[in-house]
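The structure under discussion appears below in the form of structure tokens.
Because the structure is predicted, anything quoted here is derived from the model rather than measured. Chain naming here is simple, since letters A, B, ... match the order of the sequence lines and numbering starts at 1 in each.
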There are 2 protein chains.
Amino acid sequence: MADIKVEYMACPIRQIISRFGDKWSLLVLYGIDRSETGVMRFNELRRMMTDCSQKMLSQTLKNLEHYNLVHREVYPEVPPRVEYSLTETGRSLMPSLHQLIQWALDHFDDVVSRQVIIK
Amino acid sequence: MADIKVEYMACPIRQIISRFGDKWSLLVLYGIDRSETGVMRFNELRRMMTDCSQKMLSQTLKNLEHYNLVHREVYPEVPPRVEYSLTETGRSLMPSLHQLIQWALDHFDDVVSRQVIIK
DNA sequence: CGGCATCCGATGCGATACTG
DNA sequence: CAGTATCGCATCGGATGCCG
């Protein structure tokens, strides 16, 4: 998401939006958190998010790793195995995320059922 | 934000992101909520969000009105006066939003201080 | 298996000018 | 005051192909 002027860098809302307001980030976090082991492999995530392209999943994971929400563990095997898990910081976001999801469920009729504005 | 495949329309995270994950929506909601009267006029919002263009503010407000988060009250005067306030649904989102902001503040060092990835 | 590189269309968003 | 209209660039994101 786009830049933020330097003088507004301290605004926490902007920070959240600019980092996790994209199309897939929250879904990845939620997916990993919900998994039984707390760990997911790349293609496991792909199967969960069937309409997310490989490119975007890869990009999203790299982004989340950069912001210290997701940990990437590479096992030097053949074939290669890479496991993604939540960091401590990532887990700490979950209560807020769940509350947001609950809000969406509670207000599905008020908000979500309305058609997305085209153009 | 982009479309969501029909078979995933029920996913609440996607719904939230597709509607309020844009650059300005949450900031508008937060701004109106924080105002003393609970009501803000168009140019009042503009002054608060100095780096938001008029076009985007207008578009964002229309969007929030469509999703029943913001109420638009027009007073037939000259010069015209338009007041924006939160709907009941909009107010109901605030606890979740505040929790999210608090999370951002708590984890500023972990997350927010990291440079936004360029390209 | 878990990616990256490239191309390209769709959308987001800002700048500017104009209006009731 | 509170917007709308138009233009144009920048970014998002999907499709495809290649690689260790």
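- A straight line from CG of B:N63 to P of C:dT11 spans 15 Å, rounded to a whole angstrom.
- Nucleic acid contact for B:Y75: none, since no nucleic acid atom lies under 4.0 Å from a heavy atom of the residue.
- When the side-chain nitrogen and oxygen atoms of A:Y84 are compared with OP1 and OP2 of C:dG3, one or more of them lie within a distance under 4.0 Å.
- Look at B:S58 and you won't find any side-chain N or O under 4.0 angstrom from OP1 or OP2 of D:dA2.
- Between the P atom of C:dG2 and the NZ atom of A:K62 lies a distance of 16 Å, rounded to the nearest Å.
- Closest heavy-atom contact between A:F42 and A:L57: O-CD2, 3.8 Å.
- Taking only side-chain atoms of B:R41, from C-beta outward, the nucleotide of D:dA2, C:dC4, D:dG3 with the closest atom is D:dA2.
- If you measure from atom CG of A:L61 to atom P of C:dG2, you get 11 Å, rounded to the nearest angstrom.
- Residue B:R46 is classed as having no contact, given no heavy-atom separation below 4.0 Å to the nucleic acid.
- Atom P of nucleotide C:dC1 and atom CZ of A:R72 are separated by 16 Å, given to the nearest angstrom.
- Taking only side-chain atoms of A:W24, from C-beta outward, the nucleotide of C:dG2, D:dA2, D:dG14 with the closest atom is D:dG14.
- A:E88 and A:R91 are joined by a salt bridge, as a carboxylate oxygen and a charged side-chain nitrogen come within less than 4.0 angstrom of each other.
- The backbone N or O of B:N68 sits less than 3.5 Å from a side-chain atom of B:T87, completing a donor-acceptor pair.
- Counting only heavy atoms from C-beta on, A:P79 has its side chain closest to C:dC1 among C:dG2, C:dC1, D:dA2.
- Proximity note for A:K55 (side chain, C-beta onward) versus C:dG2, C:dC4, C:dT6: the nearest is C:dT6.
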Please tabulate, one pair per line, all N/O donor-acceptor pairs under 3.5 Å involving side-chain atoms of residues 24-33 of chain B, not counting sequence neighbours.
unit_1: B:S25; atom_1: OG; unit_2: B:D22; atom_2: OD1; d: 2.7
unit_1: B:S25; atom_1: OG; unit_2: B:D22; atom_2: OD2; d: 3.1

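- Rounded to an integer number of Å, the gap from A:E77 CD to C:dG3 P is 14 Å.
- In this structure, A:K23 atom NZ and D:dG14 atom C1' are separated by 9 Å, rounded to whole Å.
- Side-chain proximity of A:Q54 to the nucleotides C:dA17, D:dG17, C:dG14 is greatest for D:dG17.
- Of all nucleotides listed (D:dG13, D:dG20, C:dG3), D:dG20 comes nearest to the side chain of A:P80.
- The CG-C1' distance, from A:L45 to C:dC1, rounds to 14 Å in whole Å.
- In this structure, B:E65 atom CD and D:dA2 atom P are separated by 15 Å, rounded to whole Å.
- Comparing C:dG14, D:dC1, C:dG3 by their nearest atom to the side chain of B:M56 picks out C:dG14.
- The two residues B:R19 and B:N63 make their nearest non-hydrogen contact at O-ND2, 3.3 Å.
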